[in-house]
Amino acid sequence: MNRFRNMTLILALLLVTLLVLAGIRGIERKLDTTIDSQRLRFTGAVADAPPAVAFTTMAMGSFRGLLADILWLRSEQLKGKKNYFEMVQLARWITDLQPNYSGGTVYLAWNLAYNISVTSSDREDRWYWVNEGIKLVRDKALLYNPDDPLLYRELSWIYLHKLGNLMDDMNLYYKSQLAEMMTNILGSTTPDWEKLAAAPKNKEAFMELYPEDSALWKAVEKAGYKDYDALFEAFRAPKAAVAAPLQINAPSAAKAELPATLRLYLSQDEFAALDSYFRAELLRRRLKLEPARMVEIDKKYGKMDWRVPESQAIYWATVGVEKSIANTGKPDINCLRIISHGLQSGFRSGRLLTVDATGETISSIPNLNLTDSAYAAFEQGEAEFKDSGAGSSFRSAKINYLKDAIPLIYIYGNVTKAQEFFDRLVSVDGPQKQNNLDEFVMVHYAEDVRDADVKKASAVITGLVQRAIFNLLVGQRDSAVTNERLARYIHRIYTQKNFDVKRNTLAPFAEIKKGVVTNLRNNLPPMMKTLLEAEIAAEEAQKKEELSEKNSGGKTAM
């Protein structure tokens, strides 16, 4: 009896042991899967890592994971204590210790750009933290993980949502800082992108084109600059552009430009080639943007204004789609969503007219170049994910885009395209309550005025002003007066409704009109431009005459 009981006990213990071992094996497999998916396994080297990171990963081996865990705990403690400066340094260390752990970097970047930034009421401080979040992903994580769509998705989302959206009260300041940064690097609001894309891709390619013993460098030396590095340092204006580490209220970057003395020693073509190369190189170094890729994106989606955050979001999401297709054969759904919504937002307000120097107001107009590409992006998403069920979300977004775009296209004078989109809407969404295009536009136009956010309001107002100017140029003065009066009315009503909401602040009407006129001056055909200049001169003469009569009347009254 005792022997039977002992045998039973041994068998039971053996069974329990086998179950425990099976459980351990299951947990081990799950851990291995997690480690592989998050790329936490030590491989002995990190590709393209700086010396400090390479040394850390090699010297510490697997112990770097333990240290990273300790730093994570410390980071969360500091977050609770609002000790954000040390958190930034810890975020950098954690990324160095676990450079292939994209999920961790995304979490840290989100903390910096969203959670930490909003604790400050100072706009410069907020921009600093948002920019730190961007740089953590763009300048560090992507260096170690250039093929990870998760990082491209996160970076593009910060640009689209944090900078491009209206939820943050300081969003106008973020937009102005990005626009200023791009203008300072490119030296113009409308650079020649083809020239920038055609310039050498890096220093090595440039030096191969212009060796040290070439006539170019002899001329540069005569101008007082001994080599490439000295000239590049002078070009990028380091004294105004570079702030001390963790200095929040740093001055904004000065405009990069070649020293004027070079013109005495270089031909016009040599100077222009040097300028294009250095601007493209500075763009790569500061914002990690490749001009050749930007030209490709312009050709694919339509010419963009690269000073606005939506364009930057589309850039990084496009790279993310390319990487995900290379990895899995399918585009990353979230990157594709960011592209489609970025194109929609860029269509609505993707061209800057004026940026207030203080960052208080920004005037923008729709980028009609993106009209068709935005629709095509929603259609692509619907087709790519129709089998998974996610295609229905792209279909709904496509219908909403059509409803949003038709009145705007109509207001900006392209009635043919508006009719084309209205016909598409009927074919996709069925018959509308309004039987024709004109009725549809009037109804939705009234709703836009009543419930618009600042982007919609700005787009409607600038559209009416532009239409008024075109009416004027073709002799339809009554229509011109009507459209401008309506634009002024909408501006006044919207401003009164949102006077206490800083993030919804519209630029003054006179500034909006001035921006539209400037834009038309730069883009109208010569004949139309001549008519516009004549109308401007006549308007200014009339104002002077009215002012003179007013002053004259005032003196008589005295």
Side-chain angles (χ1 to χ4, degrees), residues 123 127 130-131 134-135 138 155-156 158-166 168 170-197 236 241 252-257 276 279-280 282-291 293-298 301-318 338-339 342-370 373 454-455 458-459 462 507 511-512 514-516 518-519 521-523:
R123 62 184 188 174
W127 170 241
V130 172
N131 205 30
I134 289 172
K135 289 193 292 185
R138 185 191 66 204
L155 180 57
S156 59
I158 293 175
Y159 275 112
L160 180 65
H161 185 261
K162 188 64 177 178
L163 275 67
N165 212 324
L166 308 172
D168 193 316
M170 306 299 178
N171 76 88
L172 292 179
Y173 185 73
Y174 304 156
K175 292 178 175 70
S176 71
Q177 289 300 293
L178 179 62
E180 180 187 17
M181 195 185 309
M182 288 292 291
T183 304
N184 289 339
I185 292 172
L186 300 170
S188 168
T189 57
T190 55
D192 189 331
W193 287 106
E194 294 288 348
K195 284 186 177 179
L196 294 174
R236 69 189 185 98
S252 56
K255 181 179 177 181
E257 56 187 351
S276 293
R279 293 197 184 283
L282 190 59
L283 189 64
R284 282 188 284 265
R285 291 195 188 189
R286 284 216 183 128
L287 298 178
K288 304 300 183 287
L289 298 173
E290 179 55 59
R293 185 185 291 275
M294 297 165 86
V295 169
E296 290 175 5
I297 290 174
D298 273 349
Y301 298 123
K303 192 168 182 59
M304 298 185 190
D305 186 337
W306 288 96
R307 296 172 295 163
V308 301
E310 290 84 359
S311 299
Q312 310 259 336
I314 291 167
Y315 178 97
W316 293 112
T318 299
I338 289 171
I339 291 173
L343 289 169
Q344 180 181 19
S345 184
F347 160 78
R348 286 173 54 187
S349 59
R351 290 184 64 187
L352 289 181
L353 289 179
T354 59
V355 180
D356 182 35
T358 64
E360 293 288 339
T361 58
I362 288 180
S363 177
S364 61
I365 61 173
N367 185 350
L368 300 179
N369 297 323
L370 309 180
S373 59
V454 68
K455 287 187 175 183
S458 180
T462 53
E511 187 178 323
I512 292 176
K514 182 180 178 182
V516 173
T518 301
N519 181 65
R521 271 177 163 162
N522 294 332
N523 294 285

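For the single chain, residues carry numbers from 1 onward in sequence order. Because the structure is predicted, anything quoted here is derived from the model rather than measured.
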Does the side chain of [Y] come within less than 4.5 Å of [X]'s, by heavy atoms?
X      : Y      : result
Glu180 : Val355 : no
Pro191 : Leu196 : yes
Thr189 : Leu352 : no
Leu160 : Pro309 : no
Ile314 : Ser311 : no
Ile339 : Tyr315 : no
Glu290 : Arg284 : yes
Ile158 : Trp316 : no

Would the distance check show the side chain of [X] and the main-chain N or O of [Y] forming a donor-acceptor pair, the cut-off being under 3.5 Å?
X      : Y      : answer
Asn184 : Ala256 : no
Asn369 : Lys303 : yes
Ser373 : Gly302 : no
Lys255 : Ile185 : no
Asn171 : Asp168 : yes

Inset, instruction - Kindly check if the number of other-residue, nucleotide or ligand heavy atoms within 6.0 Å of NZ (Lys514) is above 12? - result: no
Euclidean distance, [Y] [atom2] relative to [X] [atom1], rounded to 0.5 Å:
X      : Y      : atom1 : atom2 : value
Arg307 : Ser176 : CZ    : OG    : 12.0 Å
Arg123 : Met170 : CZ    : CE    : 8.0 Å
Ser458 : Ile512 : OG    : CD1   : 5.0 Å
Trp193 : Asp298 : CH2   : CG    : 8.0 Å
Glu310 : Ser345 : CD    : OG    : 3.5 Å
Trp127 : Ile134 : CH2   : CD1   : 5.0 Å

Legend entry - Residue of the set Asn519, Thr462, Asp305 for which side-chain hydrogen bond (donor to acceptor under 3.5 Å, both in side chains) holds with Arg351: Asn519
Considering non-hydrogen atoms only, spot the tightest contact between [X] and [Y] and give its length.
X      : Y      : value
Leu370 : Phe347 : CD1-N, 3.8 Å
Ser156 : Ile338 : OG-CD1, 3.2 Å
Leu287 : Arg138 : O-CD, 3.3 Å

Inset, instruction - Just do the side-chain contact (heavy atoms from CB on, under 4.5 Å) check on Gln312 and Leu289 with the steps written out, would you? - result: CA-CA 9 Å; Gln312 310 259 336; Leu289 298 173; 3.5 Å; yes
Legend entry - side chain to side chain contact (heavy atoms under 4.5 Å, CB included) partners of Ala459, counting only residues at least two apart: Pro366, Leu408
Inset, instruction - Could you check Trp306 against Met294 for side-chain contact (heavy atoms from CB on, under 4.5 Å), going step by step and ending with a plain yes or no? - result: CA-CA 9 Å; Trp306 288 96; Met294 297 165 86; 3.5 Å; yes
Inset, instruction - Applying side-chain contact (heavy atoms from CB on, under 4.5 Å), run through Val130 and Tyr159 and close with a yes or a no. - result: CA-CA 10 Å; Val130 172; Tyr159 275 112; over 6 Å; no
Inset, instruction - Indicate whether any N or O donor in one side chain lies under 3.5 Å from an N or O acceptor in the other, for Arg348 and Asn367. - result: no
Inset, instruction - Take Arg286 and Met182 through the side-chain contact (heavy atoms from CB on, under 4.5 Å) test and state the conclusion after the steps. - result: CA-CA 10 Å; Arg286 284 216 183 128; Met182 288 292 291; over 6 Å; no
